[in-house]
Protein chains: 2
Amino acid sequence: MIFIITIRDIAKRAGVSVATVSHVINNTRFVSEELREKVRKVMEELDYHPNLVAGSLRRKKTNTIGLIVPDNSNPVFAELSRAIEDIGFSSGYSVILCNSAYNLDKEIKYVRVLRSKRVDGLIIIPTTVQATYINQLVDSGLPVIILDRTVPDAKTDSVLLDNYQGTYDATVHLIKLGHSLIAYIDRPFDLPHSLDRLRGYRKALEENGIQLKDELIVRGGFDYEGGAEAMQKLLKRKPTPTAVIAFNDISAIGAIRAIEDCELKVPQDISIVGFDDIPQSSFTTPRLTTVHFPKYRMAEVAFELLQKKLEGTSSDRRAEIVLPLRLVVRESTAKIG
Amino acid sequence: MIFIITIRDIAKRAGVSVATVSHVINNTRFVSEELREKVRKVMEELDYHPNLVAGSLRRKKTNTIGLIVPDNSNPVFAELSRAIEDIGFSSGYSVILCNSAYNLDKEIKYVRVLRSKRVDGLIIIPTTVQATYINQLVDSGLPVIILDRTVPDAKTDSVLLDNYQGTYDATVHLIKLGHSLIAYIDRPFDLPHSLDRLRGYRKALEENGIQLKDELIVRGGFDYEGGAEAMQKLLKRKPTPTAVIAFNDISAIGAIRAIEDCELKVPQDISIVGFDDIPQSSFTTPRLTTVHFPKYRMAEVAFELLQKKLEGTSSDRRAEIVLPLRLVVRESTAKIG
DNA sequence: CTGAAAGCGCTAACAT
DNA sequence: ATGTTAGCGCTTTCAG
């Protein structure tokens, strides 16, 4: 940071007070066209760039928000980050991107940093269900919005998905296609939202008189490989499932890979449905049937909620917005052969 | 930002000077274990979080860097962002993520913001070849590292790929497989790095006595759909290519989609090779043959270069590190039928 | 309509 | 070994 020109320099050179310069920069009180023009010219000449860190200190507002996601290299989170940046930008906010790497320790470290950096707000997809450190933040007055994860005791707003409905619909879709041996690839460890997805699956089976087989539920990982490995396990189970639901598209894509590696075909031999509807899911072979996650919408809602908190117009009640989900039927599911 | 406890409060309550508190926080001069402990206790009690914006103002260092990428929802950039965040985090830097959306105007706006926010450095994948605004930054003393794009007149370091070699190898691979009708899906508009890729392709054809057919070069878009559309055009060309090289994996995946939609098979009817080696490329059907882009390595090199500039130990010469590329042969390429 | 000046919370030179 | 204090560059109240 070797920027030396300050507002005083501008003021001196333009023959006005620093107050005037500040006001022309921020358009915050009337300044005669004459002075205004003079100030602008000097700023231009000296290539002046206002120091926002000084401004932030004074104004107690940084115009930056923190965003903590598990892993930006996951397409869902990448799209979500992108959307939040987009929306933030148009409201004059920058976003500090933080990856927790599914690691509570790193997440908490980041929260400390962001807090010390005095971000105006925080949008977070937490790694755990633990609410204490989030509530500390909230209690300290930092606006926090929780995304995509249920944190039961959190004292702040969240925007969630109707996960239960998502897998319920997916399962019913499969059942209607004649499947009854429907497997489920779950995430590596439970969290309320994943439990909800599992519940949707279970409920659909139950309602249709299909007995749940525990050996058809298996855990995957957070990458493509995880889905492939889970599927490999499933392929060894007897009876072999004729359909599988994965907790996300990445796993589903890994699963397809594993199936085809066994000389089986999707959907002829096994149907697959994913969750998230990441961009590539329309371009896989076969195109993936999946539950559409409205990422941009989630970002919008999150930002609106955050804005309200920033403006102090947030309702006292803890908002919990649940976005509806919709099954997108493509080519990876078919009538049982 | 309604954090009210300041270093003075801590000092007062602990019965020490603010200097002492500052020094225990930053470990910047000796403080007796006794005072140190007392201060720590008070900080704990009052849930004190040092105000880094004040610190930054004073210290003229924000410990945050700006990262401008075209679009974080592109898997390559998502991985790159992730890697830079990761490396930055371990050196105590936060990163402000900015998407230029391939839009020079937005890019320049972000540069202004980042500059005013006094980021310590900037890592950028520029949208254009235009160096002026980058050089202004450089001249103003802001450490800038250019990634993945050739900006000929830029007066700062860059870390690039050996793009020429990448497509050259890809093309030779195809030629060895017996192909001579090799098409090329280019990006929507030219930039030096894409021109280099095209050069590699041309050179390989030429060296092998294959005549370049201009009608086999077509432009795609920045998403999967763009690749699919480009491929559709190619499929209408006579003679139809037996192999195609795409400027990135996303396009290649879109192209595969388009091919299969015409009841043709990859690689039996048409071979495809991509560029980037994004994670999903090992899991497509067929697995994509592609040029591996060492994303984490690029992030590391970029950060090292940046660090040097931050420490003022950067060489005077403008560094231009070119990372080697390597073709990963998977299943989307085969001997001509 | 414009200016003077206090102070945001911290760091670090200087003093003891 | 610790304390005092002058700013960092800006915003904003208060005065005129």
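The structure presented is a predicted model; accordingly, all values stated were derived computationally and were not measured. So you know, we letter chains A, B, ... as the sequences are listed, proteins then strands, and number each from 1.
Backbone-only contact: B:V16 has heavy atoms under 4.0 Å from sugar-phosphate atoms and none from a base.
Using modelled atom types, one finds no donor on one side chain facing an acceptor on the other under 3.5 Å when comparing B:S32 with B:E34. Side-chain atoms of B:D153 and B:N135 include no donor-acceptor pair closer than 3.5 Å. Checked by atom type, the side-chain pair B:N27/B:R36 shows a donor-acceptor distance below 3.5 Å.
To the nearest angstrom, C1' of C:dG9 lies 16 Å from NE2 of B:H49. If you take NE2 of B:H23 and C1' of D:dT4, they are 13 Å apart, rounded to a whole angstrom. To the nearest angstrom, P of C:dG7 lies 11 Å from CZ of B:R8. One can place CG of A:D9 at 13 Å from C1' of D:dC10, the figure rounded to the nearest angstrom. Rounded to an integer number of Å, the gap from CD1 of B:I25 to P of C:dG9 is 14 Å. Atoms NZ (A:K117) and P (C:dC10) sit 16 Å apart, rounded to a whole Å. At whole-Å resolution of the value, NZ in A:K60 and P in D:dT13 are 14 Å apart. Separating the CG atom of B:L57 from the C1' atom of D:dG7 is a distance of 9 Å, rounded to the nearest angstrom.
With sequence neighbours left out, B:F89 forms a ring-ring contact (aromatic ring centres under 6.0 Å, His included) with A:Y110. Checked against side chain to side chain contact (heavy atoms under 4.5 Å, CB included), B:A299 has the following partners two or more places apart in sequence or in another chain: B:A83, B:I84, B:I87. With sequence neighbours excluded, the residues that form a ring-ring contact (aromatic ring centres under 6.0 Å, His included) with B:F303 are B:Y93. Considering only residues two or more places apart in sequence or on other chains, B:R318 meets the salt bridge (Lys or Arg N to Asp or Glu O under 4.0 Å) condition with B:E320. Annotation: side chain to side chain contact (heavy atoms under 4.5 Å, CB included) contacts of B:S94 (sequence neighbours excluded): A:I96, A:V113, A:K117, B:T64. The side-chain hydrogen bond (donor to acceptor under 3.5 Å, both in side chains) search around A:T156 returns none, not counting sequence neighbours. With sequence neighbours excluded, the residues forming a side chain to side chain contact (heavy atoms under 4.5 Å, CB included) with B:K308 are B:T313, B:S314, listed by chain and number.
Dashed line: the shortest gap from a side-chain N or O of A:T6 to OP1 or OP2 of D:dG9 is not under 4.0 Å. For B:Y48 and C:dG9, the shortest distance from a side-chain N or O to OP1 or OP2 is not below 4.0 Å. Applying the 4.0 Å criterion to OP1 and OP2 of D:dG3, one finds that B:T20 has a side-chain N or O inside that range. Distances shorter than 4.0 Å separate some side-chain N or O of A:N26 from OP1 or OP2 on D:dT11.
Here D:dT12 is the nucleotide among D:dT4, D:dT12, C:dG9 with the atom lying nearest to any side-chain atom of A:S22. Side-chain proximity of A:V18 to the nucleotides D:dT11, C:dT11, C:dG3 is greatest for D:dT11.
With the 3.5 Å cutoff on both pairing distances, Watson-Crick and G-U pairs in DNA chain D assemble into runs of at least 3 at C:1-16 with D:1-16.
Residues A:P50 and B:G15 each lie close to DNA chain D; by heavy-atom proximity, the contact nearer the 5' end of the strand is made by B:G15.
Within residues 27-38 of chain A, the residues having any heavy atom under 4.0 Å from DNA chain C are, by residue number, A:R29, A:F30, A:V31, A:S32, A:L35.
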